[in-house]
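The structure under discussion appears below in the form of structure tokens.
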Protein chains: 2
Amino acid sequence: MQSSESLQRTSLSDAAESALRSMIVDGRLPAGERLNEVHLAERLGVSRTPLREALNRLVTEGAIEARPGRGYVVKPLSIEEFEQLYALRPILDPAALRLAGLPSFSRISKLGKLNQKLRTARGADAAIELDDAWHQELLAGCPNQILLELIVGITRRTRRYELALMREARLVNQAGDDHERILAALRARDLDAACAALERNLKSGRAPIVAWLRAREPKQRKESAR
Amino acid sequence: MQSSESLQRTSLSDAAESALRSMIVDGRLPAGERLNEVHLAERLGVSRTPLREALNRLVTEGAIEARPGRGYVVKPLSIEEFEQLYALRPILDPAALRLAGLPSFSRISKLGKLNQKLRTARGADAAIELDDAWHQELLAGCPNQILLELIVGITRRTRRYELALMREARLVNQAGDDHERILAALRARDLDAACAALERNLKSGRAPIVAWLRAREPKQRKESAR
DNA sequence: CCGCCGTCTACTGTATACAGTATGCAATCA
DNA sequence: TGATTGCATACTGTATACAGTAGACGGCGG
């Protein structure tokens with residue numbers, strides 16, 4: 001009788017992983033920071049072993065970088081990485097939506113409600129969270145689990161950029177209108193139009209972030225020890 | 001890209017990782033096998049620490065599965081995973097080719113030569129290796145590094161299925177003709193036609209493997225530890 | 001004979017000890 | 001004075017010791 005699948009909260013390495021992720025995302029561990037394992041382990045209250053496991057996973061997730069023999073570094077924000085990450089969503093998401101097919105009416109109404117919440121969301125964190133949730137719900141019918149995991153991974157990696165921007169500038173939230181257009185197409189049972197609108201939606205957030213990255217690029221030149 | 005013998009240069013965890021990968025791929029660690037860390041560490045001649053780091057990375061790569069508190073298990077071959085993996089390439093590869101644009105003439109001629117080698121390849125391993133190399137060369141001009149990494153990762157995960165099949169059945173190699181059609185389109189400078197042919201190529205390998213998986217599925221029922 | 005409970009074993013998860021190496025600083029030599 | 005080399009320090013990579021727990025097996029009660 002194992003219906004308790006979700007109780008697996010116990011693992012220091014998992015805890016360290018999510019702690020580190022949020023520390024990186026919200027800037028407590030700034031981009032470019034070199035990570036001292038001993039200090040970091042003390043700071044997190046764990047030993048080096050689970051910490052290193054967490055670091056390893058974050059390396060494969062793309063949040064930090066491992067230099068052989070020199071330890072780990074928080075990956076600096078780079079225009080290249082952001083542009084490449086952002087270019088993937090307009091490829092993957094419409095493909096996933098096509099695989100999912102037209103959503104059920106209950107899902108569409110759920111999406112409508114979610115979008116309402118998104119429109120009235122206060123604060124960058126909440127808005128991003130809700131936007132991600134909206135897209136996840138949109139694709140929930142996709143039978144290809146691996147594709148969905150890819151999208152989740154990319155979402156995680158881009159969130160760092162979005163939050164970094166939000167902390168300095170106020171990002172205009174036009175996602176609500178985009179979503180409404182997608183929903184309109186879905187209500188009209190027009191999958192192609194929905195995919196096209198989704199593609200536009202996913203491309204739209206790019207420009208302001210690239211502009212912001214470009215503006216702060218000079219600062220990062222200092223760090224470029226190559 | 002794989003140096004299976006240069007264990008000395010890399011760190012032990014890297015060495016363990018690639019060693020494990022090939023052990024999984026070529027069946028020395030059969031699908032479904034539960035991994036005992038102590039025995040495995042002895043077998044590889046390393047201690048548990050670098051072994052666990054390798055296992056962790058292989059989990060994120062999808063080759064093995066971590067059960068909390070119960071250790072690691074080689075992920076069983078499953079039709080679902082294979083179908084989902086195989087469905088991704090026809091999405092990703094044409095997108096990458098579009099981003100790359102029409103290849104240079106030197107690249108096209110290189111592709112032609114590679115395909116000749118592929119046609120005369122003896123042995124399943126060599127054929128798969130060359131097929132992967134061909135596709136990698138085809139997309140080499142793609143500026144989106146992250147997209148290419150996604151494709152490489154998926155290639156890795158599917159190779160296990162392809163090799164498993166090859167060991168039991170002789171897969172007809174029709175890739176050579178597919179590639180020739182793609183090349184013809186490229187020589188005619190017709191990117192759309194090339195993408196379409198590439199998509200067909202990437203979809204074509206699916207059927208025999210699915211049939212084989214389906215045939216051996218009953219055996220796996222025994223293992224079904226939900 | 002069947003089921004439940006306690007103990008026992010073995011394995012995972014975590015901490016810590018050890019060794020090798022990169023790095024910064026200083027002293028010496030040109 | 002500048003460069004180069006030797007040394008000290010500290011950090012990573014690896015091994016090993018420790019602890020907690022899951023699963024098995026056997027004893028005991030029904």
Side-chain angles (χ1 to χ4, degrees), chain A residues 1-21 23-24 29-30 32-60 63-75 222-226, chain B residues 3 6-21 23-24 29-30 32-60 63-75 222-226:
Chain A
M1 202 124 276
Q2 348 178 314
S3 49
S4 54
E5 276 273 318
S6 54
L7 277 179
Q8 309 293 354
R9 210 63 186 123
T10 53
S11 171
L12 287 188
S13 54
D14 286 350
E17 181 185 345
S18 56
L20 283 174
R21 219 200 318 272
M23 285 170 80
I24 291 170
L29 286 179
E33 178 104 336
R34 183 167 164 191
L35 302 174
N36 182 312
E37 294 179 7
V38 176
H39 298 341
L40 203 53
E42 280 173 8
R43 193 167 159 191
L44 293 177
V46 301
S47 80
R48 281 180 59 209
T49 308
L51 171 65
R52 280 177 62 89
E53 296 200 348
L55 289 173
N56 251 298
R57 272 176 267 177
L58 289 173
V59 166
T60 67
I64 67 183
E65 206 169 354
R67 310 213 186 155
R70 283 193 229 171
Y72 300 89
V73 177
V74 179
K75 222 189 216 174
K222 285 192 299 190
E223 310 280 341
S224 94
R226 202 352 191 266
Chain B
S3 44
S6 61
L7 292 180
Q8 298 292 359
R9 291 207 54 148
T10 60
S11 72
L12 285 187
S13 54
D14 287 348
E17 181 185 346
S18 56
L20 283 174
R21 219 199 318 272
M23 286 170 80
I24 292 171
L29 287 180
E33 177 103 336
R34 184 168 163 192
L35 301 175
N36 182 313
E37 294 178 8
V38 177
H39 298 339
L40 204 51
E42 280 172 9
R43 191 166 159 191
L44 293 177
V46 301
S47 79
R48 283 180 58 211
T49 309
L51 171 65
R52 278 177 63 90
E53 296 200 349
L55 289 172
N56 251 297
R57 272 176 264 175
L58 289 173
V59 166
T60 67
I64 67 183
E65 208 169 352
R67 309 211 189 157
R70 279 195 236 172
Y72 300 89
V73 176
V74 179
K75 224 188 216 173
K222 286 191 298 189
E223 309 280 340
S224 100
R226 231 271 173 22

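So you know, we letter chains A, B, ... as the sequences are listed, proteins then strands, and number each from 1. FYI, side chains are in, hydrogens and waters are out, and symmetry mates aren't considered; it's all heavy atoms of this structure.
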Discussion item. In the structure I gave you, are the side-chain heavy atoms of A/Arg48 and A/Glu42 within less than 4.5 Å of one another anywhere?
Written reply: no
Worksheet item: D/dC11 P sits how many Å from A/Glu42 CD, rounded?
Response: 10 Å
Worksheet item: Please give, in whole Å, the distance from C/dC11 C1' to B/His39 NE2?
Response: 9 Å
Response to the item:
Nearest heavy-atom approach of B/Ala41 to B/Leu51 is N-CD2, 3.7 Å
Item to complete: Determine whether B/Leu40 and B/Leu20 make a side-chain contact, defined as any pair of heavy atoms from C-beta on separated by less than 4.5 Å.
Response: yes
Worksheet item: Can you check the A/Glu65 CD to D/dT12 P distance for me, whole Å?
Response: 15 Å
Discussion item. Can you tell whether the side chains of A/Glu17 and A/Arg57 come within less than 4.0 Å, N to carboxylate O?
Written reply: yes
Fill in: Which nucleotide in D/dC11, C/dG13, D/dA15 has an atom nearest any side-chain atom of B/Val46
D/dA15
Worksheet item: Just how far, in rounded Å, is C1' of D/dT14 from CG of B/Leu44?
Response: 15 Å
Fill in: Nearest-nucleotide 5' precedence on DNA chain C, A/Gly45 against A/Pro68
A/Gly45
Discussion item. Is the shortest side-chain heavy-atom distance between B/Glu53 and A/Asn56 below 4.5 Å?
Written reply: yes
Worksheet, complete the sentence: Atom CG of A/Asn36 and atom P of C/dA22 are separated, to the nearest Å, by 17 Å
Practice prompt. Please determine if a side-chain N or O atom of B/Arg70 lies less than 4.0 Å away from the OP1 or OP2 oxygen of C/dT12.
Written response: no
Discussion item. If the threshold is 4.0 Å, N to carboxylate O, is there a salt bridge linking A/Glu65 and A/Lys75?
Written reply: no
Worksheet item: Which residues, if any, of residues 47-59 of chain A bring a heavy atom under 4.0 Å of DNA chain D?
Response: A/Arg48, A/Arg52
Worksheet item: Rounded to the Å, how far apart are B/Leu40 CG and C/dC11 C1'?
Response: 14 Å
Worksheet, complete the sentence: Separation of C/dG13 atom P from B/Leu35 atom CG, nearest Å, is 12 Å
Discussion item. On a heavy-atom basis, which atom in A/Ser13 and which in A/Ala54 lie closest, and how many Å separate them?
Written reply: O-CB, 3.7 Å
Worksheet item: What is the distance from CZ of B/Arg67 to P of D/dG23, rounded to the nearest Å?
Response: 10 Å
